[in-house]
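The next block holds one structure in the form of structure tokens; read it before the comments.
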Number of protein chains: 2
Amino acid sequence: MTATLHDIAERLGINICTVSRALNDKPGVGPKMRRRVTKVALEMGYRPNIHARSLTNKRTEALGFLSGMEISSFLSNAFYTGVFAGIESEARALNYALMFDSVAESLDLARGYMPKMLAEHRVDGLLVVGAMDEVFFKAIKASGHPFVVVDYHLPGFDMDTVTIDNRRGGWLATEHLIERGHRRIAFIGGTPLTHGNFAERLEGYQNALAAHGLPRDEKLVQEGEVIGGGESIMQILKRAPDVTAAVACNDINALNAITTLEKTGRQIPRDFSIAGFDDIQEAQTSVPSLTTIHIDRPAMGRKAVQNLVERLRAEHANPIQSVVIAPQLVIRDSTGAPPA
Amino acid sequence: MTATLHDIAERLGINICTVSRALNDKPGVGPKMRRRVTKVALEMGYRPNIHARSLTNKRTEALGFLSGMEISSFLSNAFYTGVFAGIESEARALNYALMFDSVAESLDLARGYMPKMLAEHRVDGLLVVGAMDEVFFKAIKASGHPFVVVDYHLPGFDMDTVTIDNRRGGWLATEHLIERGHRRIAFIGGTPLTHGNFAERLEGYQNALAAHGLPRDEKLVQEGEVIGGGESIMQILKRAPDVTAAVACNDINALNAITTLEKTGRQIPRDFSIAGFDDIQEAQTSVPSLTTIHIDRPAMGRKAVQNLVERLRAEHANPIQSVVIAPQLVIRDSTGAPPA
DNA sequence: TTGTAGGCGTTATCAA
DNA sequence: TTGATAACGCCTACAA
């Protein structure tokens, strides 16, 4: 079907390994011969068989992408798909194929089950996005496959990560509201609020309040469901009617809160200011558009691939790297001065 | 690192090929021996090396996923990601790995460039989603790789497809509005409107009008940009102020039109009815929720994989299959009777 | 600079 | 029922 090294060698009346050397830019082939080989290879449409190559190489030139979420949850999450876009393009740029897998919950990780991608297709390395069970990380580490984790970090576990500076983001959003003149600022949380991204954003919010001499008030913080921003803000307003602004743990909650507040007759930002987190697409297109914390999601994905490939290509063991991506405040129409 | 057939054979003091036969459920191994082999294989954590296998097999147990769009456009399109979710889960269920690739525009298909996934990793078959250049299909067909195309069909080109019955969908939406009492119904189009999905939906709309004895009026049809539903409907209303309802070529346009109409003081559905197409998530959550045409997107993806794998496993050449998925009308809050 | 030989892990063909 | 041998396509010592 496809031409092989053998075919090329035969056609030129030379040995296979000369062809191999010529095409792989290895020393030991004269320039004339190299040109002849290259020319014929092109003519015959030669493409290497990666499987054959991997047998001796131990390298498959493929990376694995693994998400711990159900595939549909993953795909409907703009944050993760943004990261994935970056991963995909960078992998291609670095000449790696990308295998996609989502770890079904049914997967018996505890029994040491390894995804087929890893155990049988033997991808060179793994990109893990989002939270995953510790058992999984242990198993994968034991397997010796290099991996980089995006947007998740298991405390006390050595792994390459690319994460967001959530505290900084929470700080930026809060400080922005303070600068606009707000003094009573709520935090619309998500689940869980005890650890992970949301907890860190909450911390940033609290730190910013403290830094500006504003008192911490538990009544102003509401844990909530993923898209329950509307309910959360209503709860908070019941407890503290003097609140004039809120930082939401993400844009979904923020937008939901805005919708709900508008239904109660409040105008945004005239009567109430809200800042989100993530800068999803709707943050731009919604009315009013949403002040939020922007994260360069594709950049996170690209960075993860770069680090992974760097590790793969390194001669010697490299130190573990934790890359923290700085978020940026994007000021739009949902925040303004507090009502007089 | 990992146990090989050789290791198992050595441990049992038998020959490699007996082990191979035993583990692959091939005849020619006694039941006792088979059990012994299976047991040891499990103990040693044996997993086959697919690359080695593929060398003799010619099968890589991997499918390729290919999208003709830029990766970010693909990921932000709920229709396509829904299809992808179905593809991913079905591929896994059928024990195939999935390689992901998006064809960059820079790809010189005209020169017969084949994606690395195909030419070097040699996936067994290909899932193509959405429109793609004819050159590409020709090249891939010439390469002999089986492929199934979702949501696209190149006229006069033999290929397995899974598509939507767009005419039926357009018909259903239009008929629904007619049944509600509307007589002057607009069509909010997209680009292109001369061929492809949108054209077929438009046809369905026209057929429904004709079947119910309503005149065709070019003034009621507006081609438009992908998210320009609002502008489109305003154009139409300028030309034909007596319009009381509209079928949009997709939900994005429908939702955009609703937002715009509400800004002009119209209430939906009291003053104007709008039906969409696709049933994206926002169709459920928007206010008012959107009457639309639902398509089981994951089912389309699953079906595509099933057909592809069927073809791969078939002993003899199978006939080309065109699967057409029936859409369903979902009645929500954006459609009602025309104003009195 | 080029060729020879062996091996990567698996399957298939043939012989025992 | 089992074993020996060759082959898949490529790479890497090593020898010429």
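Here is the naming used below: chain letters follow the sequence lines, and residue numbers restart at 1 for every chain.
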Quick tally for nucleotides 11-16 of chain C: nucleotides whose base has a protein heavy atom under 4.0 Å get B, sugar-phosphate-only ones S, the rest -, giving BBB---
Would you be so kind as to tabulate the donor-acceptor pairs closer than 3.5 Å made by side chains of residues 121-130 of chain A, with sequence neighbours excluded?
residue : atom : partner : partner atom : Å
A:H121  : NE2  : B:E61   : O            : 3.4
A:R122  : NE   : A:A119  : O            : 2.8
A:R122  : NH2  : A:A119  : O            : 3.4
A:R122  : NH2  : B:R47   : O            : 2.8
A:R122  : NH2  : B:P48   : O            : 3.3
A:D124  : OD1  : A:T60   : N            : 2.8
A:D124  : OD1  : A:T60   : OG1          : 3.2
A:D124  : OD2  : A:T60   : N            : 3.3
A:D124  : OD2  : A:E61   : N            : 2.8

Run the side-chain donor-acceptor check on residues 75-87 of chain B: report pairs under 3.5 Å with partners two or more places apart or on a different chain.
residue : atom : partner : partner atom : Å
B:S76   : OG   : B:S72   : O            : 2.9
B:S76   : OG   : B:S73   : O            : 3.2
B:N77   : OD1  : B:F79   : N            : 2.8
B:N77   : OD1  : B:Y80   : N            : 3.2
B:Y80   : OH   : B:D151  : OD2          : 3.2
B:T81   : OG1  : B:N77   : O            : 3.3
B:T81   : OG1  : B:A78   : O            : 3.2

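By the salt bridge (charged side-chain N to carboxylate O under 4.0 Å, His left out) test, A:K138 is found to be paired with A:E134, residues two or more places apart in sequence or in another chain being considered. With sequence neighbours excluded, no residue forms a salt bridge (charged side-chain N to carboxylate O under 4.0 Å, His left out) with B:E90. With sequence neighbours left out, the salt bridge (charged side-chain N to carboxylate O under 4.0 Å, His left out) criterion links A:D296 to no other residue. Residues forming a side chain to side chain contact (heavy atoms under 4.5 Å, CB included) with A:R311 (at least two apart in sequence, or on another chain): A:P146, A:D160, A:N318, A:I320.
Between B:V150 and B:T163 there is no side-chain heavy-atom pair separated by less than 4.5 Å. Side-chain contact between B:V162 and B:V148 is present, with at least one heavy-atom pair separated by less than 4.5 Å.
Within the structure, ring-ring contact (aromatic ring centres under 6.0 Å, His included) pairs that include any residue of residues 2-40 of chain B do not occur (at least two apart or interchain). Among residues at least two apart or in separate chains, side-chain hydrogen bond (donor to acceptor under 3.5 Å, both in side chains) pairs with a member in residues 8-19 of chain B are B:R11-B:E43.
Between B:F157 and B:Y152, the distance separating the two ring centers is not shorter than 6.0 angstrom.
Nearest-nucleotide assignment on DNA chain D puts the 5′-proximal partner with B:T18, out of B:T18 and A:L55. Of the two residues near DNA chain D, B:G13 and B:S54, the one whose nearest nucleotide lies more 5' is B:G13.
Counting to the nearest Å, the C1' atom of C:dT10 and the CZ atom of B:R47 are 16 Å from each other. Note: NE2 (B:H6) to C1' (C:dG7) measures 12 Å, nearest angstrom. A:N49 has its CG atom 18 Å from the P atom of C:dC8, to the nearest Å.
Remark: the backbone N or O of B:A304 is not paired with any side-chain donor or acceptor of B:N307 at under 3.5 angstrom.
Under a cutoff of 6.0 Å and an axis angle of 45°, A:K141 and A:F136 do not form a cation-pi pair.
Listed in residue order, the members of residues 29-42 of chain B having a heavy atom less than 4.0 Å from DNA chain D are B:V29, B:G30, B:M33.
Bending across the helix from C:dT1-D:dA16 to C:dA16-D:dT1, expressed as the angle between its end axes from five pairs apiece, amounts to 40° (10° rounding).
Taking a heavy-atom distance under 4.0 Å as the criterion, the stretch of DNA chain D touched by chain B extends 5' to 3' from D:dT1 to D:dG9.
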